[in-house]
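Everything below concerns the one structure shown next.
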Amino acid sequence: MSSSASPTLPPEPAAPVYINALMFNTVGYLFSGMLIFLMQLGFALLEAGAVRAANATNITLKNTLNAALGMVCYWVSGFGLSYGGGNKFIGSSAFFLLDLESLGFTEAFAFCQLMFALTSSTIMSGSMAERTNLVSYCFAVIMLILFVYPVVVHWCWSDWGWLSQMGYIDHAGSSVVHATGGCAALLGALMVGPRIGRFGSSGQPMSLPGHSTVLVAQGALLLWVGFFAFNICSGNDFTQATILGHIAITTTLSGAFAALAVLLAVKAMQRRWSLLIALNAVLAGLVAICSGCATVPHWAAVIIGAFAGLQLLLTSHLMVRFKIDDPLDAIAVHLGGGIVGTIGSGLFAREEGLVFTGDFSQLGIQLLGILCVCSWTCAWSFLVFFALRRAGMLRVSEKAELEGLDVYTHREPSYPEFMGMRRDPDELAMRPTLFPLAEARDLNA
Amino acid sequence: MSSSASPTLPPEPAAPVYINALMFNTVGYLFSGMLIFLMQLGFALLEAGAVRAANATNITLKNTLNAALGMVCYWVSGFGLSYGGGNKFIGSSAFFLLDLESLGFTEAFAFCQLMFALTSSTIMSGSMAERTNLVSYCFAVIMLILFVYPVVVHWCWSDWGWLSQMGYIDHAGSSVVHATGGCAALLGALMVGPRIGRFGSSGQPMSLPGHSTVLVAQGALLLWVGFFAFNICSGNDFTQATILGHIAITTTLSGAFAALAVLLAVKAMQRRWSLLIALNAVLAGLVAICSGCATVPHWAAVIIGAFAGLQLLLTSHLMVRFKIDDPLDAIAVHLGGGIVGTIGSGLFAREEGLVFTVWCFDQHGFCRRLRSFAPSLVFIRQQGDFSQLGIQLLGILCVCSWTCAWSFLVFFALRRAGMLRVSEKAELEGLDVYTHREPSYPEFMGMRRDPDELAMRPTLFPLAEARDLNA
Amino acid sequence: MSSSASPTLPPEPAAPVYINALMFNTVGYLFSGMLIFLMQLGFALLEAGAVRAANATNITLKNTLNAALGMVCYWVSGFGLSYGGGNKFIGSSAFFLLDLESLGFTEAFAFCQLMFALTSSTIMSGSMAERTNLVSYCFAVIMLILFVYPVVVHWCWSDWGWLSQMGYIDHAGSSVVHATGGCAALLGALMVGPRIGRFGSSGQPMSLPGHSTVLVAQGALLLWVGFFAFNICSGNDFTQATILGHIAITTTLSGAFAALAVLLAVKAMQRRWSLLIALNAVLAGLVAICSGCATVPHWAAVIIGAFAGLQLLLTSHLMVRFKIDDPLDAIAVHLGGGIVGTIGSGLFAREEGLVFTVWCFDQHGFCRRLRSFAPSLVFIRQQGDFSQLGIQLLGILCVCSWTCAWSFLVFFALRRAGMLRVSEKAELEGLDVYTHREPSYPEFMGMRRDPDELAMRPTLFPLAEARDLNA
């Protein structure tokens, strides 16, 4: 370079500034936060692909609202209740992030933690898809991020929390994020009831396939990327090279083995290779390893992943048996996977796990923790959803559901140019809807 | 680990090497650059979803070309005119990045800045979609990235620029990136004219909805991610932890409140929950906070975001009124949002903003600046310092005038040469088949509500058919 | 902040901890690894868009399996054979990453290297799309990641490898990753044979366009982002700011010029602007610069990119001539681009490349190497050092032979066993329904131009129907 001529920006510092952990972690939180925020896109695509085309705009808006509304709620009280000092049960400062206005390090931490909160609340939108009122869903998001989720975080992740002080292992939120979201999803699906046509007149389940497997795959693969950032970021200290690398490998193994185990199981049971179930299995494996990713050895990650995958088939079957309609299998993935992961840490944690110590105390703490987290979330979810159902707000009208929410509620059909396509053109006059919701039903039957 | 056996790569260094700001910033620029480059994909999807299926290949190619051509133009003169020393008005070295060949730090900086340039020029492709000649669009990209945008950057962001030296606040480019791109988009949409069928015989607007709301949402959510990198990276110093974290929170709040404000407003006005307008509102909120993200307090980000969202509705309405056809509402999002944001910084910047220079009395009767904000203050406006607001207004005015002038020249010349717009035949048939012979969804071709129409219409997707849907 | 009240998490450390290279590189590997993993999504979308809708679920599952199975294989022996010490030819420790269990730094390195391996094996799924048995594809992935690819990595990238010790230049894997994957893709496409309907009765090629150009563009743009991480990460040392920035610029230029060169060439030859070929050209340019991204100057990146783009047209033509059916043109992109890049490094590397070892006379008559590049030089070729070019040619030859030999064995065995290809019935019906019972777009099923055909055709998407479109 001609040393004289071009004093280009930015100037290199005269005396080198060395990077300390505060700077490093700040940047680490921010980049992780962005990659975890990609998971919002992942969930939006996963859910859009898994619903019928007549409801694709609706579910996408729910995901967008989940992000926007969740950000506001987390700002208002989410961070304060989670990490704002306080007692063993609940935080009590830093509401509206007021005290942190000029503390960039903590603001960056809040940004990253916000993304975890958004992940938790978006799980509901899957299990309640295609039939839930938009306003009700907003109330559920507010309930979860404003109050329920932050309290769980305070228990399990903050220095003051009673579970945290007992040594509860939940590194990246198998229980905090996923079981919490999964419980809300379970209660929501229960209270809102199954979609019209999901169960036949004699109660037999009918297939209502989503409108695009490619979108589902796209969402799931994006979530796969996001989960790495999710787990790696969770220790909140990017200087711990030893732990970070370990997390990357355990997360890799758990997701991969979940997919392979389930693919083979489905092939054996149904004589077909199922993409959609394999994708859900990947997610279940990733959810399960969140808890122990920093503490279990590689081989245990294999076991936890495979087990989380296989429980998916069982839990999903149970949901159908109990006539709980979960279009995304979100309950099986997040609640089922979360429970498996939380217990798995109790068994396989290298220092405290049952397998390594013969000591049941850690397993007991894990069981107590997951029980309390689930009870807490279920109780509040029940209250809110019950109130909404009483108010008649929880579910859309039958007319809206049959016509498809995109046109009825939003007047924005998802694929306007592909409207009105029918196998039999004679049907056209009879059916004013864009996409025949019941038509695809006989396909997988 | 068995200490003897496996000397696996890479070896751990014997004496620890400590990381200095140069290394740290280099890596920071590169990762940010990649995430900002994701915004090219975001724009491509947003625009592809917002046009009709018969033009989806065309708009996607325009976005691809925007990236490829923009990279070349920025290499040729973009970086040199922006940051290559020079006078107050324009840079004058580092063309072709020649002087930087072995300065990885500055190369990484150029890489990151390139992505900002690409963002600026891609805005036009939205407002001019479905009717603009591909070659004309290339000329517009060349004009913008080769010359017009770098000069604006030199003014506002380089150490030598006259606006920069006056203390102009535009941290991440509400005016530099978005208003510049928005002005070019406005002139382009004006000069190329509305799409066939956009305005009825009596001038009433007709709806020509895009072919996939899911694609639009996908693009917008990806842009949402990209905007965080966009704003965080803009200070060009990743060691400033205090500022970076603040930016993340203000950006978060602005986008979120824009979406919520607009959703409620649209619900109140049109009795429906609109996904597409909400997504545009998010983008407008993010565009507006670019300027002040590092300097305004949290509550001001809320105001700026909500205001940027609501102006979207007004600006969009004005566009229709003046018969400017903007399929993406890119002008309302980027130009409107950019102006709101630039003015917002003048009002709310914590040190210099008008609001904080007002004097008040506290509970003891002492006269204090509102800057030391406390609930105990008695709000009596004594005097405010309008100078920062003046600088902001001057800056946005100069940036817009400069860009509009050059855009007018180029688009006018192209129109005169008859190159600006595709033929009517091409527009009706759809550009994908006519210009590219690559229909976007070949297997979904020829679908009609009425099979009898088939013989009459050779096009793949009936462009006019969807029109009556939202009517 | 009220200093007393809120002891928020995480606490700021009392004495500042300074970041050393080990911490920095660990985080660098992990973030790069994630961005490179995004390329798995990129390939899935690229391939899904480029096949017909009746096989979209199938190709997406193959990509998902590629990731899951590849992770397991790399864990089992991939990393061990690559970097586990050993002799010049093959590594011999760290299987199952056993020795590394508590070495986070190396685990992070393995995570990042794993993503390179996944990229290599996913190339096959493109060239063999729409007709290959899922189980066969799994065997091919296992073959490649369990054994073939790690050995190539050991040769070229580990400290012990024979090519590495000879000074072979392949910074980010033009040959290691892309030519390896491309050779397997070539052998696979050869052995599995063309799709039904790809070549007419008299051998003329027929067009079988994929079902969505938008998906293809989305995949390619995502890969474009991923390639930056791919190349930047490859040096395995994020403290080398000088090199990292240089890589970003050369990668930028190569991809951009490849796209522009090919777009113009296709416009000249076919009178149309092709999106799909332009996207493949971008990828070919990015593949080619992998090898020399750290060592060639900017202008050489331009040449390598343009050349890699143009060879795409030739290679693609040759594939058709030899009746090799490659639905994605993966062979032309990855094998062709890989070979161009490997040779390009031999020509243009700043220290060792043939071009820079030529001796010239400067204006004073002094004999100087062209390396000290200056416009005043008189260009008289005196002598050039062909040794680096020779090493490059030897390297690419050995890598290709090795991969082709093993691929031939495995695919031949699978064909003999009758497992390689799906039945004709499955192929005509579409794999999504036949193998997976998960049609990709259930609600868009049964659409026909002529409703009378419905009774006759039980398939969801008429595979042959789109054929006459581009004819």
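Numbered from 1 within each chain, the chains take letters A, B, ... in sequence-line order. On a predicted model such as this, the values are computed, not experimentally measured, just so you know.
In terms of heavy-atom pairs under 4.5 Å with chain A, the best-connected choice from B:Leu263, B:Val282, B:Thr251 is B:Leu263. The choice from B:Val266, B:Thr250, B:Leu244 that makes the most heavy-atom pairs within less than 4.5 Å of chain A is B:Leu244. In terms of non-hydrogen atom pairs under 4.5 Å with chain A, the most contact-rich of B:Leu35, B:Leu253, B:Asp237 is B:Leu253. When the candidates A:Asn63, A:Val27, A:Leu65, A:Leu114 are compared by the number of heavy-atom contacts under 4.5 Å with chain B, A:Val27 comes out ahead.
Between B:Phe228 and A:Met34 the shortest heavy-atom distance is CB-CG, 3.8 Å. The heavy-atom pair separating A:Met23 from B:Phe24 by the smallest distance is O-CZ, 3.9 Å. In terms of heavy atoms, A:Pro413 sits closest to B:Thr213 at O-CG2, 3.5 Å. Taking both residues in full, the closest heavy atoms of A:Ala56 and B:Val214 are given as CB-CG2, 3.7 Å, listed atom of the first, atom of the second, then distance. Considering every non-hydrogen atom in both A:Ala68 and B:Ala259, the closest pair reads CB-CB, 3.9 Å. The heavy-atom pair separating B:Ala21 from A:Ile19 by the smallest distance is CA-CD1, 3.8 Å.
Contact annotation for A:Leu45: only side-chain heavy atoms (C-beta onward) come within less than 4.5 Å of a heavy atom of chain B. Using a 4.5 Å cut-off between heavy atoms, A:Leu215 touches chain B through its side chain atoms alone. Of the two parts of A:Leu97, the backbone and the side chain both hold a non-hydrogen atom closer than 4.5 Å to a non-hydrogen atom of chain B. Contacts between B:Ala229 and chain A at a heavy-atom distance below 4.5 Å involve backbone atoms as well as side-chain atoms. Of the atoms belonging to A:Leu134, it is side-chain heavy atoms, and not backbone ones, that fall under 4.5 Å from chain B. Contacts between A:Tyr18 and chain B at a heavy-atom distance below 4.5 Å involve backbone atoms as well as side-chain atoms.
The shortest distance between side-chain heavy atoms of B:Thr252 and A:Met71 falls below 4.5 Å. The shortest distance between side-chain heavy atoms of B:Val302 and A:Trp75 falls below 4.5 Å. You'll find the side chain of B:Leu221 stays beyond 4.5 Å of the side chain of A:Leu38, heavy atoms only. Proximity of A:Val135 to B:Trp273: side-chain heavy atoms (C-beta onward) are separated by under 4.5 Å at one or more points.
For the pair A:Glu412 (side chain) and B:Ser274 (backbone), a donor-acceptor distance under 3.5 Å is absent.
Rounding to the nearest 0.5 Å places CD of A:Glu107 at 11.0 Å from CD1 of B:Ile243. Distance check, rounded to the nearest 0.5 Å: CG of A:Leu61 to CD1 of B:Ile277 gives 11.0 Å. For the atom pair B:Gln218 CD and A:Gln218 CD, the distance stands at 4.5 Å (nearest 0.5 Å).
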Report task. Would you check, one step at a time, whether the test side chain to side chain contact (heavy atoms under 4.5 Å, CB included) holds for A:Thr64 with B:Trp224? Result -> CA-CA 10 Å; A:Thr64 307; B:Trp224 205 342; 4.3 Å; yes

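Within a 6.0 Å radius of CZ in A:Phe139, other residues, nucleotides and ligands contribute 12 heavy atoms or fewer.
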